[in-house]
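Numbering of ligands and ligand atoms starts at 1, following listing order. Only heavy atoms go into these numbers, but all of them, side chains included; no hydrogens, no water, no symmetry mates.
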Amino acid sequence: MKRYLYTISAVCLFYFTTNAQITDPKATEVWQPEPRTVAPGEGAKPPSDAVILFDGKNLSEWLCPKDSTTAAWVINADGSMTVKPGAGDIQTRRSFGDCQLHLEFRTPTVVKGEGQGRGNSGIFLQGRYELQVLDCYENKTYSNGQTGSIYKQSIPLVNVCRKPGEWQAYDVLFTAPRFNVDGILVAPGHLTVLHNGVVIQLNTEIKGTTEYIGLPKNSAHGMAPIKLQDHGDLVSYRNIWIRSL
Ligand code: MG
């Protein structure tokens, strides 16, 4: 309620005062609400208000969607986890809407396969919208399916892949799509992605589900888990954290 009143007064300030009437610099200062304090991350340490989804210790935040048992991917001594081919995708126990997501991934040092068959995995926001993970270092594939694409929807602005076996980072800002009470899409989702610190998707509109065959689909949903893809390749992940926005 307090926040609502502050917003109303700020709006009134701008709509009912003409610029010529403002002579005091204090008149345009807004002091409330005050953003809460968050300690910034440092190196691999996440910001103080982040939910840690994986820090190398265990997979307690992840489950196997087939039967809701704890995810069966492999935890490594270096604090990472690796896809266990055939074990299937894994997904978070928690559900998310708008969020900031950080994760690091590594495609296999020993290069095997080509195109979509080399170091393929993926991050499915709300279990539906795939941000592609692939080894695209000197590996050609269709542009809208390469590393950092919103799969088969949006080509990344640039290719900033590191060499196979090197750790890479994704920093993702996700605005979830909005549906009305009748289940109709009223505002599409959007994705901004930094790959190794470089912007590769800038507020890109998500057209719907990222389908292997066929066009994107839109059916109403609310908050949903994040899924990591088992595409049969030994892709590893580490330092996964999220902030709901
Ligand atoms: Mg994939």
So, is N120 placed with an N/O/S atom under 2.8 Å from the Mg ion (ligand 1), counting both backbone and side chain?
yes

Is the ring pair Y237/W73 parallel, tilted or perpendicular, if the boundaries are 30 and 60 degrees?
parallel

With the Mg ion (ligand 1) at the centre, find the angle made by OE1 from Q132 and OE1 from Q229, to 10°.
150°

N, O or S from Y151 under 2.8 Å to the Mg ion (ligand 1)
no

Report the name of the N/O/S atom of E130 located nearest to the Mg ion (ligand 1).
OE2

Over 12 non-hydrogen atoms of neighbours within 6.0 angstrom of CD in E114:
no

Kindly assign one of parallel, tilted or perpendicular to the pair H102 and W241, based on the angle between their ring planes and the thresholds 30° and 60°.
parallel

Pair K26 + D24, salt bridge at N-O below 4.0 Å
no

